[in-house]
Amino acid sequence: MCGIAGAFDVERAFFVLHDLLLHLQHRGQESVGIVMDNFTSIKGHGLVKEVLTEKSFIEGHTGIGHVRYSTVGGPEEIQPLVGYTGKGKLAIAHNGTIPDASHRRETFLERGAVFSTTVDSELFLHYVSIAPFEDSLESVLWALQTVPAAYSLLVLNEDFMIGARDPYGYRPLFWGKYDGGYVLASEDSALVVLGASDITEVERGQVIILEKGKSPKIQKLSVDRPGRFCVFEYIYFARPDSNLGGINVHKARFEMGRWLYKEHKIQADIVIPVLDSGLSGALGFSSESGIPMDFGLMRNRYMGRTFIMPTDRKSSVRKKLIPIPEVVKGKDVVLIDDSIVRGSTMGVIVSMLREAGARKVIVGIHSPPVKYPCFYGIDTATRRELIASDHTVEEIRETIGADELFYLSIEGLIKAVGREDVCLACLNGHYDTWVPEVDSGV
Ligand code: AMP
Ligand code: SF4
């Protein structure tokens, strides 16, 4: 999971990119980078506000940026990547993962290519190099055509900026007008907050070409694939104020909570959201069931994200979420969260609520069990780490120590989101591309 942003022909592009990336920070907190069209760059580990400071300001009207939450490649390999291709120097910012990257890489290595990173995104630079065209723009289009998934991608050189979504449309991308130029971002909410106008979703398989001194051009990649927008963007990743495929993310989560109650008519005294990810779903569950919602868990906003902390995740959860005994004591509580991945977070929360005096702890999850890994750009862990890959719901309930555990069905999820052209591979194991079989387990 990553966030990408572009600013084309605007005043002080550095600050525009700063603002866009700040509003995409939830998509990645490991590193930040921006590259201008003259290839000056600022990159660093940490948060946007730590890397893109007044002191690190670089001049320029056009640039691309990236916030990273690494799925492939080491954390030192900060995007946007810059490469000298056979068609000139290029910078790229990529959100997504290429599932067959290792095969593609092997093919290049056998031909004598040398890679300077382990990031799958570097493959795009190599494809541009070998494209059967002289022209760099044609070569980029050829490279996009050659890699069917999964990407939302920004490509920059001295003459043009390109924004593209793969033909399946796994990852989001939007563009709009700003300050006489154009801006692009992974989520529309970042463009809205910036004050951009004419905000439009880049369609799957669409390529937006911005050239200096010319009107934007839109091209379509000629690949016939089904629409597979990542349903997890609605469940967990995207900001609640974003609108993806015309569907508001908060509303989709609210509906997931409603459908969860329609499918499981649970009796309880209070609904407690697991902050922040379970809030919209808990509101929906409470509104459908009539069970009042209360904040039985306080969240320490100054702790980082527990999911990605490599060591001692359990004690991090204890520091991040703190129960309020006055709310839960003697009550049958139903906790609502968006998902269970490895199961470590929920187990800790259940025991904390019991220690705080809850009589019954019931857990409702507003997505179906995550049974299969993602190969399209989301770090949902390997199959072995996914608790639902080899445990039944009853076994998971026992592991997390809940009195009851229930999930939303896949049908309920689709009804709640209101669109069918979504990827469900981590939930049902149906991948639409080649994936590494050993790990997927399908
Ligand atoms: P776990 O402890 O592994 O079960 O983590 C589940 C929690 O992490 C849930 O509260 C989700 O909100 C959150 N979550 C789910 N998927 C991801 C992901 N890919 N990256 C970061 N957090 C996630
Ligand atoms: Fe999203 Fe899951 Fe598909 Fe990955 S496998 S793109 S997380 S829906």
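Quantities reported herein were computed from a predicted structural model and do not represent experimental measurements. Both ligands and their constituent atoms are indexed starting at 1 by order of listing.
- Residue Val231 approaches ligand 2 through these ligand atoms, each under 4.0 Å from one of its heavy atoms: 8 (S).
- No close placement of the Phe285 and His366 rings is indicated, their centers lying 6.0 Å or farther apart.
- Within the 4.0 Å heavy-atom criterion, the part of Asp338 lying near ligand 1 is the side chain and not the backbone.
- Arg204 places a side-chain N or O within donor-acceptor distance of the main-chain N or O of Arg225, the cut-off being under 3.5 Å.
- Using a 4.0 Å cut-off between heavy atoms, Thr345 contacts ligand 1 through both its backbone and its side chain.
- The OG atom of Ser409 sits 6.5 Å away from the NZ atom of Lys415 when rounded to the nearest 0.5 Å.
- Under 4.0 Å is where a charged nitrogen must lie from a carboxylate oxygen, and between Glu355 and Arg318 at least one such pair does.
- Not a single N or O atom of Phe237, backbone or side chain, sits closer than 3.5 Å to an N or O atom of ligand 1.
- In summary, Asp120 and Arg104 do not engage in a salt bridge, as defined by a charged side-chain N under 4.0 Å from a carboxylate O.
- Each protein N, O or S atom less than 2.8 Å from atom 4 (Fe) of ligand 2 was counted, giving 1.
- What you find for Arg105 and Thr118 is that their closest heavy atoms are NH2-CA, 3.6 Å.
- Between Asp432 and Arg228 there is a salt bridge, since at least one side-chain N of the basic residue sits less than 4.0 Å from a carboxylate O of the acidic one.
- Atoms of ligand 1 found under 4.0 Å from any heavy atom of Ser277 (numbered from 1 in listed order, with element): 10 (O), 12 (O).
- In summary, the atoms of ligand 1 found under 4.0 Å from a heavy atom of Asp337, numbered by their order in the structure, are 9 (C), 10 (O).
- Checked against a 6.0 Å centroid threshold, the rings of Tyr234 and Phe229 count as neighbours.
- Residue Gly343 has at least one N or O atom closer than 3.5 Å to an N or O atom of ligand 1.
- The pair Glu77-Arg68 does not meet the salt-bridge criterion, since no charged nitrogen lies less than 4.0 angstrom from a carboxylate oxygen.
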